[in-house]
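Taking it in order: structure first as structure tokens, then the write-up.
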Amino acid sequence: MVLVHNHAEKDGSNDGGLVDFRGNPVDKSRTGGWLGAGLILGTELSERICVMGISMNLVTYLVGDLHLPSSDSANIVTNFMGTLNLLALLGGFLADAKLGRYATIAIFGCIAAVGVTLLTLATSIPSMKPPVCDSRSKGHCIEASGQQLALLYAALYTISLGCGGIKSSVSGFGSDQFDSSNPKENKAMIYFFNRFYFCISLGSLFAVTVLVYIQDNVGRGWGYGISAGTMVLAVAVLLGGTSLYRFKKPEGSPLTIIWRVLILAWRKRKISHPSDPGFLNEYHNAKVPHTKMLRCLDKAAIIDDYAVADENRINSWIVSTVSQVEEVKMVLKLIPIWSTCILFWTVYSQMNTFSIEQATFMNRNVGKFGIPAGSFSFFLFISILLFTSLNERVTVPIARRITGNRQGLTSLQRVGIGLILSIVGMVAAAVVEKQRRENAIHHDYNISAFWLVPQFFIVGAGEAFAYVGQLEFFIREAPEGMKSMSTGLFLSTLSMGFFMSSLLVSIVHKVTNGSWLKNNLNSGKLDYFYWMLAVLGVLNYFVFLVFSTRHQYKTQHLSTTLEDSEEELKHWNDTSIDNTQKNPNDAEKEQV
């Protein structure tokens with residue numbers, strides 16, 4: 001295990017600016033720590049219950065109750081998830097620039113509760129659904145009208161706004177409850193991020209088992225109503241613990257710094273570079289070493305006629321500092337890797353849509369009990385939990401011995417493994433779908449839905465590698481002061497992946513005249529769509545290899561030895577919640 005300290009931490013300034021709810025300097029004996037962080041984890045647990053309880057079973061409602069085409073239903077789900085993750089950028093911007101993380105979580109939590117309440121109404125009011133199909137319709141059912149869909153869309157995108165805002169700030173607010181300059185709290189922070197991921201998985205498992213069963217067998221209104229109640233309770237608990245939290249005042253959004261540097265570099269594009277970089281503004285006081293990469297951006301730090309006066313040198317709209325320019329370079333350096341991570345989440349989105357629809361055409365009975373189609377996502381999340389644990393107990397130690405690298409696997413190696421597994425998952429999905437369709441058509445036989453387990457299991461294993469690897473990569477490699485920005489950049493890969501799925505579905509549906517993706521999967525060719533994603537995955541992987549081999553990791557300062565770190569972590573684990581596993585990468589992610 002390797003702990004990483006940044007320049008701010010060495011100066012002891014990383015945790016400056018923390019106050020209590022009255023605005024006074026924090027009393028660390030009465031605020032923060034596990035009591036405050038535990039209440040914050042409850043908010044994330046509720047957010048996962050809401051989002052997964054909706055997304056993992058929504059396609060069956062759209063096709064079965066609203067009689068929408070399969071392709072349109074899949075796009076509604078992926079657009080919902082894409083918008084949710086994209087709006088996390090808005091939430092992060094507001095938290096950094098004005099509101100702060102606590103206020104952002106509270107406000108957007110209320111918005112999410114309103115959205116789930118609207119969804120409860122949209123699925124409970126009879127007039128919001130078209131007539132039920134009868135035997136005389138011969139498969140030609142009446143689709144939901146635009147008026148009937150209006151409330152559903154309003155509910156979904158209100159939920160996207162609310163949950164996106166929560167997602168952007170909850171992990172950062174939780175980490176604010178621990179003082180990284182205090183060795184004990186610094187080590188405890190490692191476990192917070194393990195438990196944060198545990199809450200994500202626990203909420204997801206509850207949603208795809210209990211909530212999905214209630215939605216299918218008791219009523220959609222009851223299922224979504226429980227989600228709404230959970231979110232209301234979470235906001236109440238968050239507000240009730242106000243006096244227990246440590247608050248970090250907003251310091252301005254890093255997006256502002258990026259735009260300033262780009263605008264200034266453009267304005268000064270005709271100015272020649274100085275003969276020596278030492279003439280750039282604040283070169284000798286830079287917190288980030290100057291690099292020769294993207295030299296065009298250096299022009300933002302050139303001291304021109306307007307910046308000669310000392311008072312103008314501190315005006316960021318007249319001249320940037322070398323540190324600011326280098327931070328923007330670091331962000332831009334992440335874009336190539338960012339672009340190759342998108343397709344993984346396009347593959348993952350199929351687990352929310354077409355894989356669930358496959359289950360509706362298969363035998364889901366275990367004895368006399370019929371398993372809801374949406375509950376097969378259970379195997380996705382079980383796989384994620386299993387491989388997250390195995391990675392740290394088995395994979396990382398083995399890789400550490402082979403490579404001699406204390407990390408075992410680098411963040412990009414994790415991402416690469418995740419991409420490979422996503423390809424294998426699509427191959428498995430294609431093979432199973434072909435066998436399912438042939439048995440249904442030629443033998444009038446529905447094969448067991450448990451044949452879907454391999455594709456859920458493989459893609460889940462891929463997420464265990466890709467999610468952790470991507471999050472670690474974006475947090476570690478981004479500038480020190482851009483934690484929310486780097487998290488938003490990571491979440492935007494999820495957003496773009498879901499939107500990419502919608503785009504591909506629309507293109508395929510148009511090019512094939514709807515012959516691949518049909519409401520009745522038995523008359524379609526869904527396996528061709530899966531094979532297409534597998535081929536795109538192979539091409540994307542080769543592009544990823546090119547970018548990853550050229551990427552130079554940011555220099556880190558190693559603060560402790562492997563043995564010392566593990567000894568201290570073991571001591572703290574004895575006094576902490578022991579239902580999660582240690583993740584060495586979290587130490588590195590949150591110390592950068």
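A quick note: this is a predicted structure, and the numbers were derived from the prediction, not measured.
- Here C163 contributes atom SG and N85 contributes atom CG; the two are 10.5 Å apart, rounded to the nearest 0.5 Å.
- Contact annotation: the side chain of M330 never approaches that of E477 to less than 4.5 Å [non-hydrogen atoms, C-beta and beyond].
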Criterion side-chain contact (heavy atoms from CB on, under 4.5 Å) on I342 and F499, from CA distance to verdict: CA-CA 10 Å; I342 292 173; F499 285 137; over 6 Å; no

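- Taking the six-membered ring for Trp and the full ring otherwise, W531 and Y528 have centroids separated by 6.0 Å or more.
- Here the CG atom belonging to L545 is positioned 10.0 Å from the CG atom belonging to N540, to the nearest 0.5 angstrom.
- Around atom NZ of K434, no more than 12 heavy atoms belonging to other residues, nucleotides or ligands sit under 6.0 Å away.
- Using a 4.5 Å heavy-atom cutoff, the side chains of L452 and S355 are not in contact.
- Checking Q455 against Q350 by side-chain atom types alone, no donor-acceptor pair falls below 3.5 Å.
- A distance of 11.0 Å separates CD1 of I423 from CZ of F344, quoted to the nearest 0.5 Å.
- Around the CH2 atom of W451, the shell of radius 6.0 Å holds no more than 12 heavy atoms that belong to other residues, nucleotides or ligands.
- With rounding to the nearest 0.5 Å, the separation of CG in L412 from SG in C341 is 8.0 Å.
- K248 contributes no side-chain N or O that, together with a main-chain N or O of D176, makes up a donor-acceptor pair within less than 3.5 Å.
- For CZ of F93, the number of neighbouring non-hydrogen atoms (other residues, nucleotides, ligands) closer than 6.0 Å is 12 at most.
- Side-chain contact between M52 and I49 is absent, with no heavy atoms from C-beta onward closer than 4.5 Å.
- Ring-plane geometry between Y467 and W345 is classed as perpendicular, the angle between the planes exceeding 60 degrees on a 0 to 90 degree scale with a lower cut at 30.
- Side-chain N/O atoms of T83 and S160 include no donor and acceptor closer than 3.5 Å.
- The line from CD1 of I166 to CG of L87 is 12.0 Å long, rounded to the nearest 0.5 Å.
- In this structure, the ring of F456 has its center no less than 6.0 angstrom from the ring center of F378.
- At least one donor-acceptor pair under 3.5 Å links the side chain of T321 to the backbone N or O of Q324.
- The backbone N or O of I200 lies less than 3.5 Å from no partner atom in the side chain of E44, so there is not a single donor-acceptor pair.
- K329 places a side-chain N or O within 3.5 Å of a backbone atom of M293 that can act as its donor or acceptor partner.
- The backbone N or O of F465 lies less than 3.5 Å from no partner atom in the side chain of R414, so there is not a single donor-acceptor pair.
- F173 and Y102 have tilted rings, their planes meeting at an angle from 30° to 60° on a 0 to 90° scale.
- Looking at W338, its side chain does come within 3.5 Å of a backbone N or O of L489 through a donor-acceptor pair.
- At a threshold of 4.5 Å between non-hydrogen side-chain atoms, the residues L89 and L491 do not count as touching.
- The 12-atom threshold is exceeded at CE of M496, counting heavy atoms of other residues, nucleotides or ligands nearer than 6.0 Å.
- Looking at heavy atoms from C-beta onward, T78 lies out of side-chain contact with N352 at the 4.5 angstrom threshold.
- Aromatic ring centres of F457 and F387 lie closer together than 6.0 Å.
- Of the possible donor and acceptor atoms, one in the side chain of S506 sits under 3.5 Å from a partner among the backbone N and O of S502.
- In this structure, M81 and L494 have side chains that are not in contact, with every pair of non-hydrogen atoms separated by 4.5 Å or more.
- Here the side chains of S339 and F547 are in contact, with some heavy-atom distance below 4.5 Å.
- Crowding of R550 atom CZ: a count of heavy atoms from other residues, nucleotides or ligands under 6.0 Å not exceeding 12.
- Listed for the R400 side chain is no donor-acceptor partner under 3.5 Å among the backbone atoms of P397.
- Under the 4.5 Å side-chain criterion, counting only non-hydrogen atoms from C-beta, L41 is not in contact with L45.
- Rounded to the nearest 0.5 angstrom, F498 CZ and S501 OG are separated by 8.0 Å.
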